[in-house]
Peer 1: 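Can you read through this structure? Questions will come right after.
Residue numbering restarts at 1 for every chain, and letters A, B, ... go by the order of the sequence lines. If you're wondering where the values come from, they're calculated on a predicted model, not measured in any experiment.
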Amino acid sequence: MEMEKVYDAKKVEEKWVNYWINNKTFSSKIDKTKKSFTIVIPPPNVTGSLHMGHALNDSLQDAIIRFKKMQGFNTLWVPGTDHGGIATQNVVEKLLKKEGKTKYDLGREKFIEKMWQWRQETGDTILDQLKKLGCGLDWDRTRFTMDEACSKAVKRAFKQFYDKGLIYRGKRLVNWCPRCNTALSDIEVEYHPEKGNLWYIKYPIKDSNEFLTVATTRPETMIGDTAVAVNPNDERYKNIVGKTIILPLVGREIKIVADYIVDMQFGTGAVKVTPAHDAVDYEIARRHNLEILEVIDANGNMTGLMEKYKGMSAKDAREQIVADLQEQGYLIKTEDYSHSVGKCYRCGTTIEPIMSEQWFLKVEEMSKRASQAAKDEKVKFYPASWKKPYTLWLDNLRDWCISRQIWWGHRIPVYYCVDEKGNKTNCPPIVEQETPTKCPHCGNTHLVQDNDVLDTWFSSAMWPFSVFNWGENPDNNEELKYYYPTGVLVTGHEILYLWVARMVQMGLEFLNDIPFSDVFIHGIVRDKHGLKMSKSKGNVINPLEIMDQFGTDALRFALAQSAAPGRDMQISNDSFLAARNFANKIWNASRFILMNKGELDISDEPIVKELSDKWILNEYNQTIKAVTRAFEVYDIDVASRTLYDFIWTKFCDWYIELSKIRMNSENVEEKKQVLSVLIYVLKGTIKMLAPIMPFICDELWSIFNNTTDSIVNSSFPVYDEKFVFADEASQMAVVQEIVSKIRNVRSEMNISPAAFITAKINILDDKKTSVLENDSEYIKSLAKIKDLSFGKDIKREKNSALAVATGFEIFIPLEGLIDLEKEKARINKEINNVLSEQEKYNKKLSNPNFVAKAPEAEVARIKQKLADTESKIATLKETLNNL
RNA sequence: GCUCGGUUAGCUCAGUUGGUUAGAGUGCUUCCUUGACAUGGAAGAGGUCAGAGGUUCGAAUCCUCUAUCGAGCACCA
């Protein structure tokens, strides 16, 4: 097998993408001998194209799926897309606009046809991109939130809710987007600070010369005022509660009411109450039985409440009304005022609270259960800090406005019996899962379906079970029983309420079980300055370009490495570059091992012989423990960094370098011995890395095993007591210390890295003699020493440099004359280092409380350290004096 | 306003239950094309762990307050 010197990601990746798909590596069937582990993908919008958020979200899920699969679970990761309601309709509407048309020109039926056609053309883009990313999804199970199965689930759910009396229709104050022309739920409104004005208006009190001044940001709604409210505790207004006001411009009489919701500190402490256009006012109106007068209509224009302003936009009406108030002397003053204004989360248009006939879902019971599930840890959050916001939100939830006045989506499955003129009859609405053909009450065949569609999140909320055909077959559904509840839900926090909380509600409602036991919440990907990526800022990093430039494994590793649960990550080309280099490092380490292996027959089990073998197996074993644990609690970042450190620092920088002695040996058995360890550890390591960097790992796996089977079909390494070598680990630390000290001298004294040198080691600590006796070959090899002698009472010769390790003095005779000044400076520096260390220990030990109260072992440890530093300093000072 | 999270090297971040001379990557400096890798190797410089109190023999780690950044929620007449 030819391996190129530089890892060629593109060549390798394409091959494995096809392999995994063609071999159905990730397809899953019910297998009751195995436990299932399921993830349902957060379905990206059909209109979408892969961005960094997807890349992060999906490579994390892929890592988890691959890890669990290698652990022996029957894993299933279900792919799919979301129809994306308003967002998608907006996209197609924009396309129409380019042709100079509106959806009304086409009509509902033709428009929906166009939507489907467009979906057909573009809908698979993002799925293809997920394939390129290497995602181990079961492609035969690809779902769409508006396909048959999901549609049936939606209808079944709606009917069950309806029959239980949880769904009702009514005219309520709702959030209305005048641009999208639809109602929105409370969480679909985003609040942004905006500069505006606060107008102070005089409201004359009837039968008196007095006025009550109100402050408002929305003077245009005053013509719909049906009261003025003050706080019952407000001394200023105590005597006027119950009195009547003559509404300026309108002349209508309204009452002054007392309500605790009014903040005495704000404005004048008197609030004009416009129930039809403000949530708080609406509440006040309900408490005081106030009349509700609509001022603004669904288009954002003034109603006919007052002829003068009829048909004006709310914005124009505001100017006109302020002008009129001013003219008639009612306006006292205008202040600049900054406040939060609700915006449509899909188009950014200012939300208009209006009265509107809508469908609502009562959520109180469901919310209680969903909240309790988290409180009982049946649904666990990673990180746990998201539990509180989640429960808090659920505990204070109001009914969910589920109807939307758009065309793209699940049409509400409610039918009305109508007469020949199309007017609704007195028969009750018909709610059936199957489309009814006649009215069950009167037999009439003239039926019309409700015009509204459901909130897109309604169908998303059922995703974890609708994908398993719950809509068609809710009971005795083997797949549902086997795969549900799923193992983990992976998402960013921005859809915790919109989606996650609702899935838990619906899962408990319809399946009487949570939809997933774990929720893994990752951060969002920001640019290198910490800013959110957005098209308008122009700081978007396209993952497809990164894949092209650095390789998909590099992209995945870079993301995984910074994906600490719950924390946002700043990412730049540097991260991808480092990850690409890492891939190359693994590639070349493998290439080196294979080159040496050649045609040799190597034992599958590691043949343990030397110190370094035991050391690396010990390290490898610890790595297994750490990585497994990290994957299990979704610390993918920890798993990544642990593997990076093990592979690069431990395996490559130390073990491979140490293995070169035996590799170069004439003795074939020796070579085979060290190769058995090298290959054993490398194979285990790429298994651990495979969930994160699947391409290169599968490629190497196939090369090493001369197999075509994917690495995900092998089993994840398991921690093994037989590889625990604590003594060898500390011996190796001694070797490493000596090597580092010698290298330091070499570097500081400008000894050529190519030169082989002589070194003499004076042993001060008898306990460490064995290390030199057994392992001096390592030191010679790594520190480039041709002649190494050691023993007790070895003295420094003239013209040698000194290095001090714990328990050793190392003398390095220099060619020619030693540069005295340089050596003095070097030793002085070292003395200072050790002195500062010594000072710390002295301070500790001179504290009687420390000696008395600290654990004995800790005191002993510090005493030993102090002794070490003292001996080092003595050696260094002596040498300095002799120079 | 309330709640939560962050603040550690120039930059990006680690730091498990309090006890290592506070670590890594990147950038910087010096040296090196040595037969896996220059997408590499070796060495080095660089940090009052945001600040102030407190608990403790001992605090980057625990507690309180402050500053600052961010998120969520509420209010915004």
Side-chain angles (χ1 to χ4, degrees), chain A residues 3 5-7 191 193 196 198-199 214-218 221 228-229 261-263 266-274 278 280-281 337-341 383 385-386 388-389 392-393 396 493-494 496-497 528 530 550 554 561-562 564 566-572 574-575 577-596 626 629 637-638 641 644-645 648-649 652-653 656-657 660 664 740 743-748 750-754 782 784 833-834 836-841 843-844 847-855 857-859 861-862 865 869:
Chain A
M3 288 177 76
K5 194 171 162 181
V6 172
Y7 172 61
Y191 291 86
L198 197 55
W199 285 274
V214 300
T216 181
T217 55
R218 302 207 55 191
T221 63
V228 172
I261 205 165
V262 179
D263 178 359
F266 191 92
T268 60
V271 191
K272 61 188 262 320
V273 181
T274 321
D278 183 276
V280 173
D281 293 6
Y337 181 64
S338 179
H339 62 137
S340 288
V341 177
S385 51
W386 278 106
K388 197 174 169 183
L392 222 61
W393 184 76
N396 297 292
H493 59 75
E494 65 275 8
L496 181 66
Y497 308 139
K528 66 197 283 187
F550 299 99
Q561 196 196 19
S562 26
R567 291 200 49 174
D568 289 353
M569 58 202 77
Q570 285 172 233
I571 215 146
S572 68
D574 288 350
S575 342
L577 196 69
R580 181 202 65 176
N581 295 353
F582 180 46
N584 195 53
K585 187 75 181 175
I586 301 161
W587 181 257
N588 274 290
S590 307
R591 190 162 73 97
F592 174 68
I593 291 167
L594 279 162
M595 272 166 49
N596 277 283
R629 201 198 118 70
D637 60 321
V638 173
R641 278 194 300 266
Y644 183 98
D645 179 57
W648 205 309
T649 312
C652 293
D653 287 350
I656 288 184
E657 291 306 320
K660 282 179 178 171
N664 292 332
S740 297
R743 282 173 171 173
N744 175 275
V745 172
R746 292 186 65 123
S747 181
E748 304 239 322
N750 289 334
I751 299 169
S752 155
L782 294 186
K784 278 227 154 186
N833 282 342
V834 185
S836 66
E837 198 181 343
Q838 187 190 34
E839 198 186 314
K840 264 196 157 174
Y841 301 137
K843 211 170 150 190
K844 277 201 170 185
N847 179 350
N849 284 326
F850 173 73
V851 182
K853 292 190 179 176
E858 179 62 14
V859 178
R861 193 180 68 84
I862 299 296
K865 289 271 186 187
T869 55

Peer 1: Could you tell me which residues satisfy side chain to side chain contact (heavy atoms under 4.5 Å, CB included) with A:D263, sequence neighbours excluded, listed by chain and number?
Peer 2: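 Side chain to side chain contact (heavy atoms under 4.5 Å, CB included) check on A:D263 returns A:Q265, A:F266.
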
Peer 1: Tell me, yes or no, whether the heavy-atom count around A:E839 atom CD, taken from other residues, nucleotides or ligands under 6.0 Å, exceeds 12.
Peer 2: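 Atom CD in A:E839 is not crowded, with 12 or fewer foreign heavy atoms closer than 6.0 Å.
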
Peer 1: How would RNA chain B look in dot-bracket form, 5' to 3', counting Watson-Crick and G-U wobble pairs with both distances under 3.5 Å and writing | for bases paired to another strand?
Peer 2: (((((((..((((.....[...)))).(((((.......))))).....(((((..]....))))))))))))....

Peer 1: Work out how far the P atom of B:A9 is from that of B:A14, and round it to whole angstrom.
Peer 2: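 Rounded to whole Å, the distance is 12 Å.
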
Peer 1: Of A:K840 and A:A270, whose nearest nucleotide on RNA chain B comes first from the 5' end?
Peer 2: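 On the 5' side of the pair lies A:K840.
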
Peer 1: Using a heavy-atom cut-off of 4.0 Å across all strands, would you classify A:R861 as base, sugar-phosphate, or nothing?
Peer 2: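 Result for A:R861 = sugar-phosphate.
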
Peer 1: Would you measure the distance from the P atom in B:G27 across to the matching atom in B:A67 and give it in whole Å?
Peer 2: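 It comes out at 39 Å once rounded to the nearest Å.
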
Peer 1: Measure from the side-chain N and O atoms of A:S747 to the backbone N and O of A:N744, and report whether any donor-acceptor pair falls under 3.5 Å.
Peer 2: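 A pair under 3.5 Å: no.
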
Peer 1: Is any side-chain N of the basic residue among A:K840 and A:E837 closer than 4.0 Å to the acidic one's carboxylate O?
Peer 2: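 Result for this pair is no, no salt bridge flagged.
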
Peer 1: Considering only side-chain heavy atoms of A:K660, which listed nucleotide, B:U26, B:A36, B:A71, is closest?
Peer 2: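 The nucleotide sitting nearest to the side chain is B:A36.
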
Peer 1: Quick check: does any side chain N or O of A:N588 sit under 3.5 Å from a backbone N or O of A:R591, one acting as donor and the other as acceptor?
Peer 2: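 Not a single qualifying donor-acceptor pair exists.
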
Peer 1: Would you call A:D637 and A:R641 a salt bridge, using N to O less than 4.0 angstrom?
Peer 2: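 Salt bridge between A:D637 and A:R641, a charged N being under 4.0 Å from a carboxylate O: yes.
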
Peer 1: Provide the distance between the two C1' atoms, one in B:U68 and one in B:A50, to the nearest whole Å.
Peer 2: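 My reading of the C1' atoms in B:U68 and B:A50 gives 8 Å.
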
Peer 1: Using a heavy-atom cut-off of 4.0 Å across all strands, would you classify A:K784 as base, sugar-phosphate, or nothing?
Peer 2: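 The residue A:K784 makes no contact with any strand.
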
Peer 1: Taking atom P in both B:U61 and B:G25, compute the distance separating them and give it to the nearest angstrom.
Peer 2: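 So the two P atoms sit 25 Å from each other.
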
Peer 1: Does A:A852 reach a base, just sugar-phosphate, or nothing at all? Heavy atoms under 4.0 Å.
Peer 2: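 Nothing, no heavy atom under 4.0 Å.
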
Peer 1: Compare all side-chain heavy atoms of A:K865 with those of A:Q838 and state whether any distance is below 4.5 angstrom.
Peer 2: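 The answer is no, as the side chains (C-beta and beyond) never meet within the 4.5 Å cut-off.
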
Peer 1: Under 4.0 angstrom, heavy atoms only, what part of the nucleic acid is A:D281 near: base, sugar-phosphate, or nothing?
Peer 2: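 Answer is nothing: A:D281 stays at 4.0 Å or more from every strand.
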
Peer 1: Could you please name the option among B:U20, B:C4, B:G19 that lies closest to any side-chain atom of A:K388?
Peer 2: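 Comparing B:U20, B:C4, B:G19 against the side chain of A:K388, the answer is B:C4.
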
Peer 1: Taking any heavy-atom pair under 4.0 Å as a contact, classify A:S340: base, sugar-phosphate, or nothing.
Peer 2: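 Here A:S340 touches the bases of the nucleic acid.
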
Peer 1: Quick one: closest heavy-atom pair of A:V262 and A:G269, and the distance?
Peer 2: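 So the two residues come closest at CG1-O, 3.5 Å.
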
Peer 1: What is the separation between atom CG on A:N396 and atom P on B:G72, rounded to the nearest whole Å?
Peer 2: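 The distance from CG of A:N396 to P of B:G72 comes to 17 Å, rounded to the nearest Å.
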
Peer 1: Round to a whole Å and report the spacing from CG of A:N596 to C1' of B:C37.
Peer 2: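 In whole Å, B:C37 C1' lies 14 Å from A:N596 CG.
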
Peer 1: CZ of A:R629 versus C1' of B:U17: gap in Å, rounded?
Peer 2: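 Computing the A:R629:CZ to B:U17:C1' distance gives 12 Å.
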
Peer 1: If you restrict it to nitrogen or oxygen atoms, what contacts under 3.5 Å exist between nucleotides 9-15 of chain B and the protein, and what is each distance?
Peer 2:
from: B:U12; atom 1: OP1; to: A:Q570; atom 2: NE2; distance (Å): 3.4
from: B:A14; atom 1: OP1; to: A:R567; atom 2: NH1; distance (Å): 3.3
from: B:A14; atom 1: OP2; to: A:R567; atom 2: NH1; distance (Å): 3.2

Peer 1: Determine the Euclidean distance between corresponding P atoms of B:U64 and B:G6; express it in Å to zero decimal places.
Peer 2: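 The answer is 14 Å between these two P atoms.
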
Peer 1: When you compare B:G46 with B:G51, how far apart are their C1' atoms, in angstrom units rounded to a whole number?
Peer 2: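 23 Å, rounded to whole Å.
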
Peer 1: Would you mind reading off the distance between A:F592 atom CZ and B:A38 atom P, rounded to a whole angstrom?
Peer 2: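 Checked: the CZ to P distance equals 14 Å.
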
Peer 1: Indicate the atoms forming the closest heavy-atom contact of A:V6 with A:N584, along with that distance.
Peer 2: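 Scanning both residues completely, I find the closest heavy atoms to be CA-OD1, 3.5 Å.
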
Peer 1: Flag this pair as yes if the NZ/CZ of A:K660 is under 6.0 angstrom from the six-membered ring centre of A:F592 and inside a 45 degree cone about the axis; otherwise no.
Peer 2: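 A:K660 over A:F592 ring: yes.
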
Peer 1: Taking ring pair (Phe, Tyr, Trp, His ring centres under 6.0 Å) as the definition, give me every residue that meets it alongside A:W199, ordered by chain and number, with sequence neighbours left out.
Peer 2: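 Applying ring pair (Phe, Tyr, Trp, His ring centres under 6.0 Å) to A:W199 gives none.
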
Peer 1: Whole angstroms only, please: what is the NE2-C1' distance between A:H493 and B:G72?
Peer 2: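 Distance check: A:H493 NE2 to B:G72 C1' gives 9 Å.
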
Peer 1: Would you please classify the geometry between the A:W587 ring and the A:Y7 ring as parallel, tilted or perpendicular, with 30° and 60° separating the classes?
Peer 2: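 A:Y7 vs A:W587 ring planes: tilted.
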
Peer 1: Any base atoms under 4.0 Å from A:K843, or only sugar-phosphate, or nothing? Heavy atoms, all strands.
Peer 2: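 It contacts nothing in the nucleic acid.
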
Peer 1: Take the protein atom CH2 of A:W386 and the nucleotide atom C1' of B:G5, then report the distance between them rounded to whole Å.
Peer 2: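 Whole-Å distance recorded here is 9 Å.
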
Peer 1: Which heavy atom in A:C652 sits nearest to a heavy atom in A:K585, and how many Å separate them?
Peer 2: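 A:C652 and A:K585 have their closest heavy atoms at CB-CE, 3.7 Å.
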
Peer 1: Rounded to whole Å, how long is the line connecting atom CD of A:E837 with atom P of B:U20?
Peer 2: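 Taking CD of A:E837 and P of B:U20, I get 11 Å after rounding.
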
Peer 1: Quantified in whole Å, what is the C1' atom distance between nucleotide B:U8 and nucleotide B:A22?
Peer 2: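 The answer is 8 Å between these two C1' atoms.
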
Peer 1: For nucleotides B:A52 and B:A60, find the distance between their P atoms and express it as a whole number of Å.
Peer 2: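 About 13 Å, rounded to a whole number of Å.
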
Peer 1: Answer with yes or no whether the side chains of A:T274 and A:D278 bring together a donor and an acceptor at under 3.5 Å.
Peer 2: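 Checked: A:D278/A:T274 side chains show no N/O donor-acceptor pair below 3.5 Å.
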
Peer 1: Dump the intermediate steps for side-chain contact (heavy atoms from CB on, under 4.5 Å) on A:K784 and A:R746, then the final yes or no.
Peer 2: CA-CA 10 Å; A:K784 278 227 154 186; A:R746 292 186 65 123; 3.1 Å; yes

Peer 1: How are the rings of A:H493 and A:W386 set to each other: parallel, tilted or perpendicular (split at 30° and 60°)?
Peer 2: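 Rings of A:H493 and A:W386: parallel, under 30°.
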
Peer 1: Pick the closest RNA chain B nucleotide for A:M595 and for A:I261 by heavy atoms, then say which residue is nearer the 5' end.
Peer 2: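 Closer to the 5' end of RNA chain B: A:M595.
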
Peer 1: Would you give a per-nucleotide map of nucleotides 39-45 of chain B, 5' to 3', where B means the base has a protein non-hydrogen atom under 4.0 Å away, S means only the sugar-phosphate does, and - means neither?
Peer 2: BSSSSSS

Peer 1: Could you give the OH-to-C1' distance, from A:Y644 to B:C37, as a whole number of Å?
Peer 2: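 A:Y644 atom OH is separated from B:C37 atom C1' by 13 Å.
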
Peer 1: Within the sub-3.5 Å range, which N or O atoms of nucleotides 56-58 of chain B have a protein N or O partner, and how far apart are they?
Peer 2:
from: B:C57; atom 1: OP1; to: A:K853; atom 2: NZ; distance (Å): 2.4
from: B:C57; atom 1: O4'; to: A:N849; atom 2: O; distance (Å): 3.4
from: B:C57; atom 1: O2'; to: A:N847; atom 2: ND2; distance (Å): 2.6

